[in-house]
Amino acid sequence: TMKTEFKERIDSSWEENFPGEKSIPVSNLKCMLDEVGLFTPNWKVRSILEELNNSGMTEGTRLSRENFEKLCEELDADNVTKTFKPSRQYDIDARTYQGQMGAQHFVLKEEEEAFADWINKRLAKDKDIMHFLPLEKDGSDIYSKMDDGIILCKIINLAAPDTIDERVLNKGKNISIFKSHENLTLAIKSAQAIGCSVIGMDSHNMQSKEGKKWMVMGLMWQIIKMFLFNQISVSRVPGLVSMLRDGEDVAELMKLSPEQLLLRWVNYQLEKAGSERHISNFGVDIKDSEIYTDLIAQ
């Protein structure tokens with residue numbers, strides 16, 4: 001059970017922000033975690049939401065009070081406020097931004113650099129955005145160059161080909177603000193259609209002048225993750241057939257989702273390395289980093 005003082009803090013925060021409510025929108029999860037003192041970086045909140053959805057703990061786009069309290073208990077037990085506090089280990093230069101309800105959002109330099117590098121490599125030959133590329137290596141201009149929505153639409157089509165008919169995009173070096181909003185609206189709706197969470201996002205708050213960098217990073221993270229997972233398939237990587245189990249045929253392997261295939265691959269490599277470890281998720285099972293050590297050795 002939770003410590004009385006901690007439980008009182010949860011009760012107080014809940015009644016102050018959602019009086020009489022039995023659940024909260026998942027878009028307010030970070031705000032509520034911050035309210036009770038569990039300051040959690042954006043990337044961790046995104047991971048938590050994914051795990052909650054996969055485990056069936058959310059009800060549509062809402063999280064019940066009971067499940068919120070369970071989550072708080074788990075995070076408090078993991079001492080998450082210390083483990084994930086921005087430090088030299090993660091990124092001492094992480095920038096902090098104030099959100100709604102006093103929430104703090106962190107944007108890591110490593111994220112900006114990695115996303116900028118990915119865009120530069122993947123879209124280098126795209127004539128529609130050549131005037132924008134390459135992005136700065138540190139990703140400092142990634143926000144302003146996404147203001148017209150074209151790059152966002154392009155990476156959505158990389159993750160899920162032909163989702164957007166690029167003939168309808170407003171293109172050019174200096175398109176009007178109205179046309180930029182049209183592109184951004186199309187991008188956000190398309191991202192939602194392919195399975196991204198776009199709660200709280202619209203064509204206005206995704207503009208660089210609004211300063212909501214964590215929101216842009218959050219959407220990009222989801223899209224790039226989808227792109228990477230879509231590369232994991234038996235047809236793209238025939239060598240995966242070596243992971244067939246006794247009595248299993250290729251057809252069964254091809255039915256597995258990219259996440260399931262990746263889990264199978266990790267466990268296959270761990271077994272080959274002689275490790276006694278076995279994982280069933282990419283959350284708590286890998287947080288001690290021992291799995292990475294075994295994989296690198298293998």
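What you are looking at is a predicted structure, and each value in this text was computed from that prediction instead of being measured.
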Please find out if less than 6.0 Å separates the ring center of Phe68 from that of Trp14. yes
With distance as the sole test, does Asn157 use its side chain to make a donor-acceptor pair with the main-chain N or O of Thr163 at under 3.5 Å? yes
Could you check whether Tyr143 and Gln207, counting side-chain N and O atoms only, form a donor-acceptor pair closer than 3.5 Å? no
Are any side-chain N or O atoms of Glu112 and backbone N or O atoms of Ile142, one a donor and one an acceptor, separated by less than 3.5 Å? no
Residues in salt bridge (charged side-chain N to carboxylate O under 4.0 Å, His left out) contact with Glu248, at least two apart in sequence or another chain: Arg264
Compute whether any side-chain donor of one residue and acceptor of the other, for Glu182 and Asn170, lie under 3.5 angstrom apart. yes
Do any N or O atoms from the side chain of Asn205 and from the backbone of Asp202 form a donor-acceptor pair under 3.5 angstrom? yes
Please check if the number of heavy atoms outside Asp162 that lie under 6.0 Å from its CG is greater than 12. no
Within a reach of under 6.0 Å around CD of Glu276, are more than 12 heavy atoms found that belong to other residues, nucleotides or ligands? no
Same cluster (ILVMFWY, side-chain, under 4.5 Å), Leu52 and Leu33: yes
Between the side chain of Ser275 and the main-chain N/O of Glu271, is any donor-acceptor distance below 3.5 Å? no
Does any N or O in the side chain of Asn67 come within less than 3.5 Å of the main-chain N or O of Leu63, such that one atom is a donor and the other an acceptor? no
Aromatic plane relationship, Trp118 with Phe227 - under 30° parallel, 30 to 60° tilted, over 60° perpendicular: perpendicular
So salt bridge (charged side-chain N to carboxylate O under 4.0 Å, His left out) across residues 224-235, not counting sequence neighbours, yields Glu50-Lys225
Lys137 meets the salt bridge (charged side-chain N to carboxylate O under 4.0 Å, His left out) criterion, sequence neighbours left out, with none
What I want to find out is whether Lys173 reaches Asp128 closely enough, with some N-O distance under 4.0 Å, to be called a salt bridge. no
